[in-house]
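Quick note: residue numbers are just sequence positions, from 1.
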Amino acid sequence: MKVVIIGGVAGGATAAARIRRLDEQAEIVLFERSGYISYANCGLPYYIGGVITDEEELTLQTPESFYARFRVNTQVHHEVTAIHPESRTVSVRNLETGAEFEESYDKLLLAPGAKPTQPKLPGVGLKKVFTLRTVEDTFAIRRYIDRSHPQSVVLAGGGFISLELAENLREQGLDVTIVQRPRQLMKPFDADMAAFIHGEMRRNGVKLELGDTVEGFEEKDGGVDVLRKDQPPLHADMVVLAIGVTPDSTLAKDAGLALGIKGSIVVNDRMETSVPDIYAVGDAVQVKHFVTGEDAVIALAGPANKQARIAADNICGGSSRYLGSQGSSIVKVFRMTAAATGVNETNAKKAGLDVDKVILSPMNHAGYYPGGKILNMKVVFEKSTYRLLGAQIVGFEGVDKNIDILAAAIHSGLKATDLKDLDLAYAPPYSSAKAPVNMAGFIAENLKNGLVKQWYLEDADRLPRDGSVILLDCRTPEEFARGHIEGFFNIPVDALRERVGELDSAKPVYLICQSGLRSYIASRILTARGYNCYNFAGGFRYYDAVHNDCLLIERATACGMDQ
C-alpha cells in the first residue's frame with residue numbers, strides 16, 4: 001500500500017507515524033511546502049517574545065529524524081498543485097528547483113491546515129504588515145523586531161494568536177494595541193467572561209480598540225497607518241494580521257471534493273472525503289460539534305491529532321470513528337489563564353437550545369491555606385434536562401484542572417447536577433473539600449429542587465426602581481459603600497433576621513452579595529418567611545467587572561450584553 005500525505009504538522013506527521021506503527025510495509029510519502037514537517041505551532045508567539053530562545057526547540061522532527069524513526073519519505077519545499085482522483089495521482093512542484101512531477105497513491109490523506117485570513121483590504125501586502133502561521137512567518141517577525149527595533153504594534157484580531165502575541169510583545173517593551181470588529185476578545189467566551197480577559201490585558205498596558213472595522217493599511221512616517229471606519233487611523237511601526245484562519249481547501253475544491261462551511265472539506269466520522277480513498281484531517285475539515293451536533297470548523301491541535309490517528313487507523317483497514325469536536329481550549333493572558341469547553345451561552349442560544357447557567361467565583365484551593373486565588377466560572381446547561389453544554393473559567397491558578405474536569409464531564413454526558421457527586425482529589429494546597437466543580441453542581445441542584453431562583457446580569461437595568469420590588473444588597477456596609485448597583489439598599493446577611501420587618505413580604509426580593517453565597521443564605525432566610533426571592537448569578541464582583549468593561553467599550557451607547 002502506498003500512502004501519499006499532503007501537509008505535515010499535527011495532522012500529516014501524526015498520521016504518517018501512526019500508519020507506520022500499524023503497517024511496517026506501507027510506502028509513505030509526505031509532501032510539505034514549507035521547510036518544516038513537524039513544529040510547535042502553538043509555541044510560535046513565545047519564540048517571538050523570547051520565552052523560547054532556541055529556534056530548534058520549535059522543530060519537533062526533521063525530515064532526517066522522521067525518516068530514521070519511521071521510514072517516511074518526507075519532501076519539504078514540495079507543493080502539491082493538483083489532485084487527480086481518476087488516475088490516483090497528484091501533481092507536485094519542487095519549490096527549490098521548479099521541477100514538476102506526478103506521484104501515484106493508493107490512499108491519499110489531506111492535511112493542508114488553514115491559512116491566515118487575508119482580507120481584501122488596501123495595503124495587506126505591505127512589508128510591515130505580517131501574518132503568523134508558519135515557522136517562516138515567525139522568523140520574519142523576529143528578524144524585523146531584532147533589526148528594526150519597533151516601538152509599537154497593532155494586532156488586527158482578538159483570538160488566541162493575538163492574545164499570545166500581545167503578551168509576548170509587551171514583554172519585549174512594545175506598545176501594543178488590539179483592534180477588531182467584535183466588541184470582545186476571544187469568541188469562545190461569552191462577553192461577560194471576556195470582560196475578565198479585557199481587564200487583565202488593560203492592566204498590562206495593552207490598548208483595546210473593540211468594535212472597530214479595519215478598512216486598510218497605508219505606509220506613513222516610517223510605519224503603518226491602520227485605517228478604521230468612522231475612526232482616526234492607528235499608527236504603529238508594524239502590524240500583525242491575526243483575524244483568524246481560513247481552511248486551505250483549494251486543492252480539494254479543484255479536485256471535486258465536497259466542501260462545507262467556510263470552504264472546509266466535508267468528511268464523515270471515518271475522516272473520509274466524498275471521493276473514495278481520499279481522507280482529510282485537521283484545520284481544513286468540517287466536523288460535527290460534539291455538544292450541538294451542528295457542522296463546525298474547529299482549528300485546534302488536539303482535534304487535529306485525534307483525527308489523524310483515526311484516519312490512519314482506517315487507511316490501514318481499521319474502523320475508528322471521530323465523535324466530534326468539543327472545542328476545549330486554554331490561553332495564557334499575562335498572569336491569568338482563560339479556558340473554555342463545549343458551547344458558550346451565546347452559541348447555545350443560537351443553536352436553539354433552552355439554556356440556563358450558574359456563575360460562581362470559588363477559591364482555587366482551601367481558603368485558609370495561604371495563596372488562594374479566585375476562579376471566575378460559568379457553567380452552561382440545558383434548562384429542561386440539566387445536560388451540560390459548556391463551561392468557561394478565567395482565573396490565576398487551577399483553571400486548567402477545573403476546565404478539564406468539566407470537559408470530561410461534558411464528554412461523558414453528565415448533567416450539571418451530577419457535578420456535585422464527582423469524587424475529586426483534595427488537600428488544602430490543591431483544592432477544597434467542596435471543589436469548585438462540586439460547587440457548580442450544588443448550585444445546579446438547588447435550582448432544580450427549587451431552593452433558589454436566579455436573576456441575571458442582563459436583568460440589572462430592567463429591574464424596576466419604583467418600589468414595586470425589593471432590591472437588597474447583603475454585603476457589609478463597608479463593601480456596599482465601596483460600590484453597589486444603583487437602586488439597591490443594604491442589609492447585611494447577619495443582621496437580616498433582626499431587620500426582616502423592614503421588608504414588605506408582598507414584594508419580590510432581588511438579592512446580591514459579593515460572590516452569591518451570602519445572598520443565597522439571605523434568600524433562604526427570607527423564603528422560609530414567605531418571601532419570593534431571586535439570587536443574583538455571579539455576585540457583585542462579577543457584575544462590577546462586566547459593567548465596568550461595558551462602560552469602557554460602549555462609552556456613548558448601551559452595552560448590549562445579550563448580543
Test Asn168 against Gln172 for side-chain hydrogen bond (donor to acceptor under 3.5 Å, both in side chains), laying out the working first.
CA-CA 6 Å; Asn168 281 280; Gln172 294 287 302; over 6 Å; no

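- The pair Arg270-Glu272 counts as a salt bridge, with a side-chain nitrogen and a carboxylate oxygen less than 4.0 angstrom apart.
- Of the possible donor and acceptor atoms, one in the side chain of Gln286 sits under 3.5 Å from a partner among the backbone N and O of Ile261.
- With a 6.0 Å radius and a threshold of 12 heavy atoms from other residues, nucleotides or ligands, Phe70 has its CZ atom above the threshold.
- Partner of Leu108 under the side chain to side chain contact (heavy atoms under 4.5 Å, CB included) criterion, out of Ile5, Val90, Val80, Thr273: Val90 alone.
- The pair Lys2-Glu103 meets the salt-bridge criterion, since a charged nitrogen lies less than 4.0 angstrom from a carboxylate oxygen.
- Remark: the backbone N or O of Thr134 is paired with a side-chain donor or acceptor of Asp137 at under 3.5 angstrom.
- The pair Lys288-Asp269 does not meet the salt-bridge criterion, since no charged nitrogen lies less than 4.0 angstrom from a carboxylate oxygen.
- A salt bridge does not link Asp248 with Arg133: none of the charged nitrogens is closer than 4.0 Å to a carboxylate oxygen.
- Residue Glu218 qualifies as open at atom CD: its count of foreign heavy atoms under 6.0 Å is 12 or below.
- Summarising the local packing, NZ of Lys262 is surrounded by 12 or fewer heavy atoms from other residues, nucleotides or ligands at distances under 6.0 Å.
- A cation-pi arrangement, defined by a distance under 6.0 Å to the six-membered ring centre and an angle within 45 degrees of its axis, is present between Arg71 and Tyr67.
- In terms of modelled atom types and a separation under 3.5 Å, the side chain of His289 and the main chain of Val291 share a donor-acceptor contact.
- Note on ring orientation: taking the six-membered ring where Trp is involved, the planes of Tyr36 and Phe139 are perpendicular (angle over 60°, cut-offs 30° and 60°).
- A salt bridge is absent between Lys128 and Asp237; no separation between the charged side-chain nitrogens and carboxylate oxygens falls under 4.0 Å.
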Step by step, work out the salt bridge (charged side-chain N to carboxylate O under 4.0 Å, His left out) result for Arg170 and Glu167.
CA-CA 5 Å; Arg170 279 297 295 151; Glu167 176 180 349; over 6 Å; no

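- In this structure, Phe66 and Ala13 approach most closely via the heavy-atom pair CZ-O, 3.5 Å.
- Counting heavy-atom neighbours within 6.0 Å of Arg321 CZ, excluding the residue itself, gives a total above 12.
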Start with the C-alpha distance between Asp212 and Leu234, add both sets of side-chain angles, then the distance that settles side chain to side chain contact (heavy atoms under 4.5 Å, CB included), and finish with yes or no.
CA-CA 11 Å; Asp212 283 357; Leu234 294 171; 5.6 Å; no

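- What you find for Ala166 and Val206 is that their closest heavy atoms are CB-CG2, 4.3 Å.
- Scanning all heavy atoms of the two residues, the minimum distance from Leu259 to Ala252 falls at CD2-CB, 4.3 Å.
- A donor-acceptor contact shorter than 3.5 Å links the side chain of His78 to the backbone of Val76.
- Put simply, the side chain of Asn376 never gets that close to the backbone of Gly395: no donor and acceptor are under 3.5 Å apart.
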Is there a side-chain hydrogen bond (donor to acceptor under 3.5 Å, both in side chains) between Thr246 and Thr117? Walk through the geometry before answering.
CA-CA 5 Å; Thr246 302; Thr117 302; 3.0 Å; yes

